[in-house]
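Notes for the one structure printed next.
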Amino acid sequence: MAFGNPYAAYQTTAVKTASQGKLVVMLYQGMEKELSAALKCFESDDRILASNIEAYGKHIMKSQEIINELQVSLDMERGGEISKNLMSLYVYFNQELTAANINQDKRKLTFVVDMVRQLSAAWETADGQTNTANQTVQQTLNIKG
């Protein structure tokens, strides 16, 4: 029996078994990867060669698809102020990325990348704290059970 792409299989398994917090972290990491690739399309003079424009646009669009996924995953009823603030931030990111794509604006793109990195780190910390708390509860229950 032949195996397909082992990396794709690994990714599929990682997504299917990840906690909700880890999925959000993975989305942020994917967005950071795409935005970083878009930044690499710029030359040293902050211009994009004609041969890199299509790749640049694709990286921006993939990032916007990830933002859309983050938006639809927000629970606006139970998330309260945090969900509202994140929604506003995601709308802002989409606007900035659209402008960065149209105008080939490295400054706007760099700003969004920096914000995504900060949010990714915050989500990673929150997910780690949640996992630690869950492990502690499980260990406590196992001791008593």
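What's counted below: heavy atoms across the whole structure, side chains too, no hydrogens, waters or symmetry copies. Nothing fancy with the numbering, it's 1 onward along the sequence.
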Point to revise | Residues Leu39, Tyr56; criterion side chain to side chain contact (heavy atoms under 4.5 Å, CB included); working and verdict | key: CA-CA 8 Å; Leu39 279 173; Tyr56 176 76; over 6 Å; no
Practice item. Could you go through the salt bridge (Lys or Arg N to Asp or Glu O under 4.0 Å) check for Lys106 and Asp46 one step at a time? Key: CA-CA 7 Å; Lys106 186 177 181 181; Asp46 290 346; 3.1 Å; yes
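Nearest heavy-atom pair across Ile66 and Gly30 is CD1-C, 3.6 Å. Leu97 approaches Ile60 most closely through the heavy-atom pair O-CG2, 3.6 Å. The shortest non-hydrogen separation linking Trp123 to Val24 is CD2-CG1, 3.5 Å. For Ile53 against Gln104, the heavy-atom pair with the smallest separation is CD1-NE2, 3.6 Å. Here the shortest heavy-atom pairing between Asp127 and Ser19 reads OD1-OG, 3.2 Å.
For Glu96, the side-chain hydrogen bond (donor to acceptor under 3.5 Å, both in side chains) partners at least two apart in sequence or on another chain are Lys108. Residues meeting the salt bridge (charged side-chain N to carboxylate O under 4.0 Å, His left out) test with Arg47, sequence neighbours left out: none. When the side chain to side chain contact (heavy atoms under 4.5 Å, CB included) test is applied to Leu89, the partners found at least two apart in sequence or on another chain are Phe93, Met115, Leu119. Legend: residues meeting salt bridge (charged side-chain N to carboxylate O under 4.0 Å, His left out) with Lys58, ordered by chain and number and at least two apart, are Glu54. For the salt bridge (charged side-chain N to carboxylate O under 4.0 Å, His left out) test, no residue two or more places apart in sequence or in another chain qualifies with Asp45. For the side chain to side chain contact (heavy atoms under 4.5 Å, CB included) test, residues two or more places apart in sequence or in another chain that qualify with Asn52 are Cys41, Glu43, Ile48, Leu49. Scanning for side chain to side chain contact (heavy atoms under 4.5 Å, CB included) contacts around Asn85 gives Glu81, with sequence neighbours left out. Considering only residues two or more places apart in sequence or on other chains, Glu34 meets the side-chain hydrogen bond (donor to acceptor under 3.5 Å, both in side chains) condition with His59. When the salt bridge (charged side-chain N to carboxylate O under 4.0 Å, His left out) test is applied to Lys84, no partner is found at least two apart in sequence or on another chain. Taking the side chain to side chain contact (heavy atoms under 4.5 Å, CB included) definition, one finds that Ser73 meets it with nothing, sequence neighbours left out. For Tyr90, the side-chain hydrogen bond (donor to acceptor under 3.5 Å, both in side chains) criterion is met by Tyr28, not counting sequence neighbours.
Counting heavy-atom neighbours within 6.0 Å of Met87 CE, excluding the residue itself, gives a total above 12.
Identified under the salt bridge (Lys or Arg N to Asp or Glu O under 4.0 Å) test for residues 62-75, with sequence neighbours left out: Asp75-Arg78.
Within the 4.5 Å cutoff, no side-chain heavy atoms of Met31 are placed close to those of Gln64.
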